[in-house]
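Written below as structure tokens is the structure these notes are about.
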Amino acid sequence: MGETPRDWRDDRIAELEAENAQLKQMLREALQRIAELERMLGLNSQNSSKPPSTDNERARKRRRRKKPSGRVPGGQPGHQGHCRELLPED
């Protein structure tokens with residue numbers, strides 16, 4: 001019983017299958033990298049330990065400013081002040 005001769009097409013099929021496996025692995029790695037980069041894009045100073053200065057311009061504009069309360073800074077009118085009593089100079 002002799003072996004059947006290998007056809008050139010068998011060699012080409014093996015080549016293409018190896019290339020296909022390599023491309024699938026490259027695609028898996030690229031998709032993982034894309035997912036990691038997209039996750040990093042979503043980070044800002046509100047949900048990570050990054051300082052606010054590293055937020056992009058859009059994230060900084062979205063932050064809401066505190067509404068003014070209408071009070072002036074410092075002691076309020078009608079509030080009794082607190083201070084230390086002075087000791088005599090002697």
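L23 CG to L16 CG: the interatomic distance, rounded to the nearest 0.5 Å, is 10.0 Å.
More than 12 non-hydrogen atoms from other residues, nucleotides or ligands lie less than 6.0 angstrom from CZ of R28.
With sequence neighbours left out, E29 forms a salt bridge (Lys or Arg N to Asp or Glu O under 4.0 Å) with no residue at all. For E36, the side-chain contact (heavy atoms from CB on, under 4.5 Å) partners two or more places apart in sequence, or in a different chain, are R39, M40.
Put simply, the side chain of E15 reaches to within 4.5 Å of the side chain of R12, judged on heavy atoms.
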